[in-house]
Amino acid sequence: MTAPQIFASPWGLVGPDLPFGSLAELLPAVADAGLTGIEMPVIAFEAFPEAVGELDESRLAARLDELGLRLFPMILTFGGSCDDHLADFGRQLDLIGRWNSPVVNVHGGADAFSDDDARRFLRTAGEMAGDHGVALSHETHRGRILHTPWRTARLLDEVDDLWLTADLSHWVVTCERLPNDRADDLAVALARTRHVHARVGFDQGPQVPDPRDPRWSTFVDAHERWWTEAFAAIGARGDQITVTPEWGPPPYAPTDGSGVPLADNWELVQWSAERMDFLLA
């Protein structure tokens with residue numbers, strides 16, 4: 001099996017009281033760590049200027065080229081209706097081209113969508129992406145269409161070209177348990193996974209305080225079993241394995257009494273990257 005491509009997310013790494021003060025500071029650390037690049041929303045330049053800092057799109061593209069890094073683009077859709085989300089998706093899809101990425105992570109739609117609207121969003125987004133020559137990977141996430149394993153399994157059965165970014169930490173929170181009783185739903189989802197967000201959640205939160213702490217081993221072991229199954233499915237298709245060890249800022253990250261995270265997220269990203277190599281050995 002080929003070595004995984006591992007990306008870092010500026011979310012959780014760049015900002016006040018986080019490991020890096022700016023995206024410009026993060027990039028050389030990503031290169032020095034031997035990672036493939038960064039995963040970032042294409043609307044970051046307009047929506048999160050404090051994180052992007054002095055790097056506009058042209059400067060970021062030039063800096064990535066200089067460091068031998070890639071950008072794995074993400075679309076985040078917003079709106080009050082399915083039509084609003086699709087319009088926002090289309091607007092952001094037009095921004096994808098300059099990053100030359102064959103796959104786009106989609107944080108799309110809303111959990112309140114009816115099944116009809118959920119199917120319409122997923123199918124229409126797929127058609128639009130096909131016109132742009134890119135493939136989509138829809139993230140399993142609270143607040144979004146794919147917020148539970150059972151709804152996701154049903155939609156995978158109904159939407160032929162639906163592929164996933166497996167962020168299974170969210171399902172653990174949504175279910176308030178390791179959803180081992182939904183083994184059939186998990187198997188369907190893992191077989192249709194295209195990209196993995198490697199963060200460990202627990203029954204009452206999307207991020208354990210420190211996955212290196214043996215007190216969280218039950219949750220770490222479960223997530224690693226799921227990731228390994230997803231990697232096997234990706235490899236069996238002959239596709240490139242891509243992973244983003246995404247560790248979030250507070251309040252995702254549990255903190256001490258003064259609000260300081262209990263673990264350094266950059267250390268967790270590097271530890272997670274080593275775990276990916278171990279799981280794939």
Side-chain angles (χ1 to χ4, degrees), residues 1 4 6 105-107 109 111-113 115 118 122 137-159 162-237 239 241-248 251-254 262-263 268-269 271-281:
M1 194 175 293
I6 301 179
N105 184 28
V106 181
H107 205 291
D111 55 2
F113 279 7
D115 283 355
L122 295 168
S137 186
H138 292 269
E139 188 169 344
T140 63
H141 205 288
R142 290 169 300 150
R144 298 295 187 173
I145 294 172
L146 306 176
H147 57 104
T148 65
W150 44 91
R151 190 186 207 199
T152 301
R154 187 168 67 249
L155 288 168
L156 285 166
D157 183 55
E158 297 169 343
V159 181
L162 174 56
W163 294 88
L164 306 181
T165 292
D167 190 338
L168 302 173
S169 65
H170 288 282
W171 284 357
V172 175
V173 184
T174 303
C175 297
E176 289 196 317
R177 64 189 186 279
L178 290 173
N180 295 320
D181 58 320
R182 308 299 303 191
D184 290 347
D185 294 341
L186 282 166
V188 169
L190 295 170
R192 295 273 286 276
T193 291
R194 179 172 266 157
H195 179 51
V196 169
H197 274 193
R199 182 180 59 249
V200 177
F202 63 109
D203 50 357
Q204 299 300 322
Q207 182 166 313
V208 297
D210 190 332
R212 300 166 296 186
D213 186 331
R215 288 176 293 180
W216 298 102
S217 62
T218 298
F219 294 96
V220 173
D221 291 347
H223 283 74
E224 290 190 344
R225 285 196 303 272
W226 296 331
W227 299 336
T228 301
E229 188 172 339
F231 295 154
I234 295 168
R237 296 194 301 268
D239 293 338
I241 294 171
T242 58
V243 186
T244 301
E246 186 189 50
W247 295 92
Y252 261 68
L262 296 177
L268 296 186
V269 168
W271 177 85
S272 299
E274 293 174 0
R275 291 298 298 172
M276 298 306 110
D277 288 335
F278 170 76
L279 295 175
L280 288 162

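Scope of the values below: all heavy atoms of this structure, side chains included, with no hydrogens, waters or symmetry mates.
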Looking at NE2 of H138 and CG of L164, how far apart are the two atoms once the value is rounded to the nearest 0.5 Å? 8.5 Å
On a heavy-atom basis, the closest approach of P211 and V220 is O-CG2, 3.6 Å
Neighbour count above 12 (heavy atom, 6.0 Å) for D184 CG: no
Taking atom NE2 of H147 and atom CH2 of W171, what is their separation to the nearest 0.5 Å? 10.5 Å
Mind checking whether D115 and R154 have side chains closer than 4.5 Å, heavy atoms only? yes
For residues L178 and T218, determine if any side-chain heavy atom of one lies less than 4.5 Å from a side-chain heavy atom of the other. yes
Grab the two heavy atoms, one from V172 and one from P179, that are nearest each other, plus how far apart they are. CG2-CD, 4.1 Å
Any residue meeting ring pair (Phe, Tyr, Trp, His ring centres under 6.0 Å) with H197, in chain and number order, not counting sequence neighbours: H195
Please evaluate residues F231 and V243 with respect to the criterion side-chain contact (heavy atoms from CB on, under 4.5 Å), reporting the C-alpha separation (whole Å), side-chain torsions for both, the decisive distance (0.1 Å), and the verdict. CA-CA 10 Å; F231 295 154; V243 186; 3.6 Å; yes
Within the structure provided, determine whether L155 and E158 are in side-chain contact (heavy-atom separation under 4.5 Å). yes
When you measure from the side chain of H223 to the backbone of F219, do you find a donor-acceptor pair of N or O atoms at a distance under 3.5 Å? yes
Which pair of non-hydrogen atoms, one from P245 and one from I6, has the smallest distance, and what is that distance? CD-CG2, 3.6 Å
Do you know the tightest heavy-atom contact between S169 and P206? CB-O, 3.5 Å
Hey, does the side chain of T140 reach the backbone of L146 with a donor-acceptor pair shorter than 3.5 angstrom? no
For the residue pair R151 and A118, what are the closest heavy atoms and their distance? NH2-CB, 3.7 Å
Determine whether T193 and W227 make a side-chain contact, defined as any pair of heavy atoms from C-beta on separated by less than 4.5 Å. no
Would you list the atom pairs, donor with acceptor, under 3.5 Å between side chains in residues 274-281 and any protein atom, with sequence neighbours excluded?
residue : atom : partner : partner atom : Å
R275    : NE   : E224    : OE2          : 2.8
R275    : NH2  : E224    : OE1          : 2.7
R275    : NH2  : E224    : OE2          : 3.3

Please lay out, stage by stage, how E176 and Q204 fare under the test side-chain contact (heavy atoms from CB on, under 4.5 Å). CA-CA 6 Å; E176 289 196 317; Q204 299 300 322; 3.7 Å; yes
How about R215: does its CZ atom have over 12 heavy atoms from other parts shown lying under 6.0 Å from it? no
From L162 CG over to L122 CG, what is the distance, rounded to the nearest 0.5 angstrom? 5.5 Å
So, for V208 and W216, which heavy atoms are closest and what is the spacing to 0.1 Å? CG1-CE3, 3.6 Å
Just by distance, do the side chain of R144 and the backbone of G109 share a donor-acceptor pair under 3.5 Å? yes
Reported OG1-to-CZ distance for the pair T242 and R194, which is rounded to 0.5 angstrom: 9.5 Å
Distance col, row H170:NE2 vs R142:CZ, nearest 0.5 angstrom, shows 5.5 Å
Between D167 and R199, is there a side-chain heavy-atom distance shorter than 4.5 Å? yes
Would you mind reporting whether D210 and W271 have side-chain heavy atoms less than 4.5 Å apart? no
From CG (L190) to CG (D185), nearest 0.5 Å: 10.5 Å
